[in-house]
Structure formats: structure tokens, C-alpha cells
Amino acid sequence: MNQNYDFKNIEKKWQNEWLKNKVFEVDEDPSKPKFYCLEMFPYPSGKIHMGHVRNYVIGDVIARYKKMKGFQVLHPMGWDAFGLPAENAAIKHGVHPAKWTYENIEHMKHQLIKLGLSYDWRREVTTCSPEYYKWNQWIFLKLYERGLAYRKSSFVNWCPSCATVLANEQVIDGACWRCESQVEQKELEQWFLKITAYAEELLKDCDRLTGWPEKVLTMQRNWIGKSEGVEVDFPIEGMNEVLRIYTTRPDTIFGVTFMCLSPEHPLAEKLCDDKDALKRIRRLQREPEIKEGVFTGKYAINPLNNERVPIWIANFVLMEYGTGAIMSVPAHDQRDFEFAMKYEIPIKVVIKPKDKELSEPLKEAFEEEGIMINSGEFSGLPSNEGKKRIADYIEKKGLGKKTINYRLRDWGISRQRYWGTPIPIVYCDHCGIVPVPEKDLPIILPENVNITGKGESPLKYVDDFYKTKCPRCGFDAVRETDTMDTFVDSSWYFVRYCSLHNEEAFHKEKIKYWMPVDQYIGGIEHAVLHLLYARFFTKVLRDLGIVPFDEPFERLLTQGMVCMESYRCPEHEWLFPKEVKDGKCIYCGKAITVGRVEKMSKSKKNIVDPDEMIEQYGTDTVRVFTLFAAPPEKDLEWSSQGVEGAHRFLKRVYALIYKHHDWLKDVTISDVSFSYSETHTAEESSVLQILSLIHRTIKRVTFDIEKEYQFNTAIARLMEFVNEVYGYEPKTIEERKIFKFAIRNFLILLSPFAPHIAEELWREIGEHGFILNQPWPQYDEELAREKTIELVVQVNGKVRSKIIIPQGMSDEEVVKIALEDEKVKQWVNGKKIVKVIPVKGRLVNIVVTE
RNA sequence: GCGAGAGUGGCGGAAAGGCAGACGCGCUGGACUUAGAAUCCAGUGGGGAAACCCGUGAGGGUUCAAAUCCCUCCUCUCGCACCA
């Protein structure tokens, strides 16, 4: 055995052995329970970063642990391979997106193997391959058949920098999620997927996702944004038209003093004579700070009280929500209030607080519930009651109807880009929009294109692709040249992993065995985007009879970011840590400023390259550090000293086995049943101690993993174990047997976290087979319990003494011992004992008074 | 503004309502070294000579007992935000 911990050779050796012996390959086994462990697959950008490392290491620990626990574990990996960076690379470096992507995949796959991740690579999915995206097209056709994919012209979010359309979910604070450019509005013909048809179910099923973080569910619920209200028709005075509005506050309808239309409303042109003003308001749309309006000169009639109310056009009214028109109640809505103040429109109070009067004129809107006033026959009702009554009244009188609105919009999937799935649609002058027949799939993305990035799909200029025959009438026709949003690819990839490459994409029995994903792991940044789309697709696939379940991901773990301090030199901007020495810039010697802990990013140069870390310390060290430094959901602050600490721990583990390696191999541990008796010799007592220690360690490590994947504390337990046995010198055969038993189990416990060193030492102590195939050790409750406890004695809640007593004494005995303790007596003597509270196995609290 | 989450040593972080600070980093001292690195051992919340006292963002409450439960407030992070 090598005296030093030669992690480089150890890790390479076992990675090769694992692949050679196919230990990560897994097939269906109905006799065993299954566990599907999945990490969000990466975009093949070129290199993995620490965020990936953290994500995959967490998943790998879970997968290895579950396998040892006896589950048939599906743990696959793949590539979210379509997307813009490949095209940008093509424009910048003249390399074809396919070449660029496949080379990146090759490199990154190698990096993942170097991390010792337990993937079944036979199941690798690459979304840019025709055998994968064929099924994107197939699903699209099925959606089209069912009316769930449709084409319409609309204003869309347009990123001028990426030169493509963005879905609502991809616009963050008015900027592109990818490049952060300001998003513009542009009118385009687009393909949409009708996710709104599933809005109610997507919302309702949030309640069933008990294994998801509440935070993510809240974000999804808010995103879907259900609101219940009423649509009401207001006749327009002097015209044969009605103005339909949507409100969630029918209880305030008697307080309407004006109406507002979106400048995009179909009636806006007709009602508003001042066309210049209308244009101005139109330009001011989507400017949240500005509230402007123009009076049309027309009036509507409030159908409940026949009052005449002026109709305005206002920039803040959205055409795409509700009916694009609102009733305005300035007394009870702050935005309406401010608008009314600005344009000197009357304010009419119709709800007052339960126990006081509102002092008029109002200083702000009263938006809470209260008692209705000035509301005809409804006056005097509590407003929440009035809400229902007025809604019923409106329906009964045929003035409108109860309506549910969602904030969720249909998902625009057309992208004016090359590197994506072609949309399988043909446009024919005679037949119109014609879907490509299933038998003609896949529509292959042509290779020879001229990528310009100019906001137009380059496919338009590929005649072989663009010009085609109509599948219906056979005459000349053209193909759709937009490609699909890449989020389509990731909306069902987890289903594809269930079968191998050469098998059916939707293999019913295999899907039934493996799905749903038991544990999904990824970044919180996908809380609405990918996770909502994947839920939507799952429900669609269910309705197509492909999958027999409603939700794709049983449990979701959103891991925190990997963060680091950043350094900035007044002369040289951001610096890498290695460009800083003694708090000074190595180029100019100027003192640097230390930025707060932020997410690792290239631009701030506060990044750590996983390859460098693995080179320097080894994969096991990187794994242990990332798991130990913080619990999985929390942000992890990278610390080079922390990495040293993790490395030191593994060196200690290695040294511990090295110290005893000359005899460990020769000891057999067939009978480790050590009978516990009340009295024992010194030898027996040390044996018992080690035995108890390992059982305790098994118990606590298992508990920490099971309980919300607390890997940081699990590793702390392993460190404690090593610290405790580090100086132990087993001499007798009995001591050695127990010691080996303990080491053996310790290595199994260590193996999910640091699999390479565990595998190596497993063989060094004379064990056979792969440690991954070992069953997770069981612990004995009796042995795991410590034989003595430190009894804490409190007097009036303050700790006054600690007494070592044997385990398992009765409350009476414990109390007696506590009261006899000298230190305790000092605090109790001369006082009256009011109460004595014993807490089993822990403490005694003695309550006294003067 | 609305919603969610979080505030614990010098730092990362532990604590079934029951000893606050496990484990690690850092620091201090010692051993081994010509010396350093590495390693090993010991110590390490604050105050105090000690007995003890004080300590989990602030203030109140419940309880024999609160970092943990309840109320009020402060701060920070994240998400949503013209949604009628």
C-alpha cells in the first residue's frame, strides 16, 4: 500500500474500473423498488463550472446512497444541446453549431466522468440529434391536432441582442434572461402552445407537490396568477356598443366614476377623436412609472345605478389581461385614486370601515373590506358578502358573468433562429397551414446554412429545406422556418431516459417502471420556466396516453448558488484570486477592494475552475468540500482554506487505514456479535466503545441523509468517527476484529461522498467487489446508545452540575442522584423545592423558591 | 407594495422546546524539525483572579425550561409587481 494518499492514480483507476465493469448501468428489475434520481441537464457551453459540480455531486450522493439502500436507481445524464451560444460561436469563429456543440459535449462528458459521477451513459440524451428532436416535432403535431398549438399574430417580447423572440417567462425585469438586454415589443406571427388550457390543473396540483420547496410552489402559483371576478357590460351612451370590463371587486361597482380602456382596445380608435393623444398614450404603454390618460369625450352607463361615467384611454390598462377595459373606482383602488386626483375626476366612497367613518376628502384609497354604503339595495352589507350578491345579481340580470382570469399567457415557442428544432408545418397557397405527416418526421435541420444572427431564420434561404410540396395537395409550398424554443426540448427529456437509444422513445412499460422522477435537483432559476413547462408537457403526455401520471417530479431540491468574494483593483478592474497577493494587485501593487460574496461569474473573475481544483486536490476533496461547506439548498461560499480542510480529512482517513494496513487484510470479521455484559474487562470495554461508536455513526449519518439530505452534518459525523479512532491501537484479536468491522462500515458510509478513496481503501482492507454494490449498513439501536449519559442538572433552569450516570435509570433514581449532588445542594439548600422535572436521558430541572 | 425565506463566535455552519456554538476553517500554545512545510497534541463566544455573570437582530409574551413557539418592530436576501 502506498504510504501517501495518491489521489490522482486512485481516482483514475476507479473511474476506469467502474466504466469497464459497467457498475452504473441499470435496467428494470420489478423485484426491487425503483428510484429515479435526476439532475437538470446542462447546456454544453464548453466547460462545466462549480454550479454544475455542486448540482451533480448532490445528485450523485443521493443516487449512490439509494442504490446501497437496495433501490434500482436510474441516474442518467444528457445535454440540452440546442441554443443560441452555438450560433454565436458560429458567427464569431466560423465553426458550425453542430461541431461546436458536439465537441463541447465530448469535453464536458469527460469532465463529468472525472468527477466520478455514477451515470448510466447508455441513456445519454442529446437534444440536437434528430432521433431526439423528432419527438419534439411529434409532440408538436399532437398538440396541433388537439388545438393546443396555434398560430397568431401578436406583440411579442423581442430581444434585439439575441435577435429573437422571448417567452414571458424569459423576460426578467424587462430584460432578456440570457443577455440582459432591454426587451422590445414587436408584432410577429408566432406559434403558441396553449399552456393556459392547463392553468387550473397546474395551479391545483401545486397542492399535491409536497416534496417541493414552498418557495417554488409560491412562485408557480403567483405566475399562474388566478383571479376570480366578474365581467360586466357597460352600455356606451349614444352608440350601439357595450364596453365589457373585468373586475375582481364587484362590491365597489356603485363607486365607479370613470372607465379606462387599453389604447390597443378595438374600441379605442372608434371612441377617441383625438388621434394624436391616442398615439401618445400608445407610446407610453409598458412604462410603469408613468400613468397617463385621455378622455374620449364619450360616456358609459353604469348598469347598476344608471350613472353616466366618462370613458378614458389609459396607458396602464393591458389589452392582454381581462377584457382590456376596466371600471375605475378611485375611492377603493390606489391606482385609480391617483389617476382621479391627477385628472380631477370625482371620487365616490361606497365602502366604509366597520367601526368608523372615512374622513373625506380621502388622502388615499380605502382598499380593505368594510360595510357597503351608497350602493342602493346592497347598502349595509359587509363588502365580502356584497361581492357575491352583486356578482349573482349581475349574472341573474344578464348584465355580465362570473369569470376566472389567469395571469399565465400561452407559451410562444417560435424562434427566428437556426440552432433549434424545425417546426413541422408547411404553408400552402391552396390548403393553408398544413401539418407535416407523422411518417415524414423528423424534419431534419439542414447543415449548410449561412448564419447571420440578423433576426431572421437562415432556413428561409436554404431552398432544399424551404421549398417543398404540400403534403395535402402536392403543389408547391414552403416550410415554416422558425425553430422551437429550446425549453421544448427540456420539457420531456426525463421521459426519454427511461429507454435506451435504440429503443422506442416512449416505451410504455419502462416509463411505467421508472417514472415519475423521485428526486429532481437543480437551480432555483428554473422555478417557473423549465419546471412549469415540464409540468405542462407531462399533463399533455398523460392526455395523449403516453405517461400514466400527472406530475413529473415527486421531490425537488433547489440547490443554492456557489459564491465567492470578488477582488477589484483600482487600476486593473476585477482580478482573479491568484492575481492578488497580500491584499495587493500583483501588476500594480495597489491595494485591492474585496467585494461581498457573490455568485461566481466570469465577468467578476470570482470563479474557481473545477479542473484546476481536481488537479490540485482530487475529485473526492472537491466533492467533500462542496457537500460539507453548506447544506444543499443554501448558497455555498467557496473557500480555498475550506478545500484544504476537506483534503486534510481525506488524508487522515487514508493515514488511518495505512497505519493498520499490514494486519487489517488478515482479520476476518465473520462473527462480530459481541455480547454486552454489565461487567467487562478493559479489553471488552474498549471493544464495546468502538462498536458503539460505529453503530452510532451509522445511525447518525443515515439519519442526516434521510432528513432533508443534510450532507454537511453527515460528513461531520464521519470526521468525528475518524477523530475518535485516530489514536486507537487495537492489539488483541478481539479488538482488531471490532476495529476492522468499524472501518469497513465507515468506508461504506464514506463512499457516497468520496467514492474513489472509499473504493481504494475497501480493497486495501481486504474486502472484495465494488463498495457501491454493498448494502448500506444497519445499526443496532441498543449498541448505538451510549452506555453512560451526562446528566445535566438545572436549578431554576440554570445548569448547575453535570453527573455521569449509567444509561437507562428510572426517573426516581435520576432525581435522587441529582438531589444528592454536592454542587446542586449548594443551590438548593435552605430553599423550598417546588417541582422537579426529569427529562429522560437528558436532564433534571429543580425548581426552588426562597 | 405583495409573497416567500433568513438573521447564531473572527468565518462557513451545528443544535427532537431540554448543556447554545457539533464539525470544519482561522487563531494561540506545545511536540517533531537546523529551519520551514506537512503532521500530531492541547486550547479557543464575551467579561471576570475566581465563584460566577452575560450571550442566538431588538423588545415583549407563553413555559419548570425558548436560537427554536406566539405578538410587535428592525435588517437582509430572493421572487412577483400596472393583473383591474
Side-chain angles (χ1 to χ4, degrees), chain A residues 4 172-173 213-223 225-227 229-230 245-249 252 259-260 262 285-291 314-318 320-329 333-336 338-339 367 405-408 524-525 527-528 560-561 597 624-625 628-631 633-646 648-649 651-652 655 700 704 707 710 712-723 726-727 790-802 826 834-848:
Chain A
N4 296 312
I172 317 289
D173 287 332
E214 199 50 46
K215 182 184 180 152
V216 174
L217 293 175
T218 305
M219 283 165 76
Q220 294 223 345
R221 289 188 185 107
N222 289 345
W223 189 263
K226 180 178 182 173
S227 90
V230 193
I245 60 96
Y246 173 73
T247 180
T248 54
R249 292 292 306 271
T252 64
M259 317 287 289
C260 284
S262 163
Q285 285 187 101
R286 288 161 239 281
E287 295 276 355
E289 317 80 54
I290 306 164
K291 305 254 183 298
N315 71 323
F316 57 81
V317 182
L318 305 169
E320 59 272 17
Y321 187 77
T323 60
I326 59 169
M327 64 177 213
S328 292
V329 186
D333 180 283
Q334 189 57 27
R335 190 194 46 209
D336 293 350
E338 281 160 26
F339 193 84
E367 296 184 319
N405 263 302
Y406 299 92
R407 210 186 69 111
L408 185 69
I524 185 82
E525 65 272 18
V528 275
M561 296 181 303
V597 176
V624 168
F625 171 73
F628 178 66
E633 326 77 52
K634 278 203 173 186
D635 286 352
L636 178 147
E637 191 186 335
W638 193 267
S639 141
S640 46
Q641 284 165 336
V643 179
E644 298 266 2
R648 205 170 297 157
F649 165 63
K651 279 202 303 206
R652 266 165 83 83
R700 293 164 87 185
D704 285 346
K707 182 189 153 198
Q710 280 197 32
N712 55 331
T713 51
I715 291 171
R717 306 296 168 228
L718 296 173
M719 287 171 169
E720 280 176 80
F721 172 87
V722 173
N723 291 345
Y726 207 63
E790 193 185 46
L791 179 74
V792 173
V793 187
Q794 296 181 334
V795 178
N796 286 350
K798 285 197 193 291
V799 179
R800 294 307 181 188
S801 185
K802 294 177 182 183
Q826 285 174 29
V834 182
K835 209 177 188 182
V836 179
I837 299 133
V839 181
K840 218 169 202 48
R842 284 175 181 271
L843 58 64
V844 170
N845 190 11
I846 302 161
V847 187
V848 297

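Keep in mind it's a predicted model, so treat the numbers as computed, not measured. By convention in this document, chain letters (A, B, ...) are assigned in the order of the sequence lines, proteins followed by strands, and residues within each chain are numbered from 1.
Here rG9(B) is in the syn range [glycosidic angle within 90° of 0].
Note on Tyr246(A): every side-chain N or O is 4.0 Å or more away from OP1 and OP2 of rC83(B). For Asn4(A), no side-chain nitrogen or oxygen approaches OP1 or OP2 of rA38(B) to under 4.0 Å. Phosphate proximity of rC64(B) to Lys835(A): present, with a side-chain N or O under 4.0 Å from OP1 or OP2. Taking 4.0 angstrom as the limit, Arg842(A) places none of its side-chain polar atoms (N or O) nearer than this to OP1 or OP2 of rA65(B). Here Asn796(A) does not reach the OP1 or OP2 of rC64(B): none of its side-chain N or O atoms lies under 4.0 Å away. When the side-chain nitrogen and oxygen atoms of Tyr321(A) are compared with OP1 and OP2 of rA84(B), one or more of them lie within a distance under 4.0 Å. Proximity of Arg407(A) to the phosphate of rA84(B): no side-chain N or O atom is located under 4.0 Å from OP1 or OP2. At the phosphate of rU39(B), OP1 or OP2 sits under 4.0 Å from a side-chain N or O atom of Arg648(A). The shortest distance between the side-chain N/O atoms of Gln710(A) and the OP1/OP2 oxygens of rC23(B) is not below 4.0 Å.
When rounded to the nearest whole Å, the span between CG of Asn723(A) and P of rA42(B) equals 9 Å. Put simply, CD on Glu525(A) is 13 Å from C1' on rG79(B), counting in whole angstrom units. Phe625(A) places its CZ atom 18 Å from the P atom of rC23(B), with the value rounded to the nearest Å.
The existence of a salt bridge linking Lys651(A) and Glu644(A) is excluded, since no basic side-chain nitrogen approaches an acidic carboxylate oxygen closer than 4.0 Å. At a threshold of 4.0 Å, the pair Arg249(A)-Asp333(A) does not count as salt-bridged, since none of the basic side-chain nitrogens sits closer than that to a carboxylate oxygen. Here Arg335(A) does not pair with Glu338(A) in a salt bridge; the nearest charged N to carboxylate O distance is not below 4.0 Å.
Tyr406(A) comes within 4.0 angstrom of no nucleic acid atom, judged by non-hydrogen atoms across all strands. In this structure, Val847(A) reaches the sugar-phosphate backbone alone: every heavy-atom distance under 4.0 Å involves primed, P, OP1 or OP2 atoms, never a base. Across all strands, Lys291(A) comes closer than 4.0 Å to base atoms (heavy-atom distances).
Counting atom types as modelled, Arg335(A) pairs a side-chain N or O with a base atom of rA84(B) as donor and acceptor under 3.5 Å. Asn222(A) contributes no side-chain N or O that forms a donor-acceptor pair with the base of rC80(B) under 3.5 Å.
If you check rG13(B), rC25(B), rA84(B) against the side chain of Gln641(A), the one that comes closest is rC25(B). Nearest to the side-chain atoms of Ile326(A) among the listed nucleotides rG26(B), rC40(B), rA84(B) stands rA84(B).
Inspection of the Asn222(A) and Arg407(A) side chains reveals no N or O donor paired with an N or O acceptor under 3.5 Å.
Contact check for Ile245(A) versus Met259(A): side-chain heavy atoms found under the 4.5 Å cut-off.
rG26(B): Watson-Crick or G-U partner is rU44(B), with both key distances under 3.5 Å.
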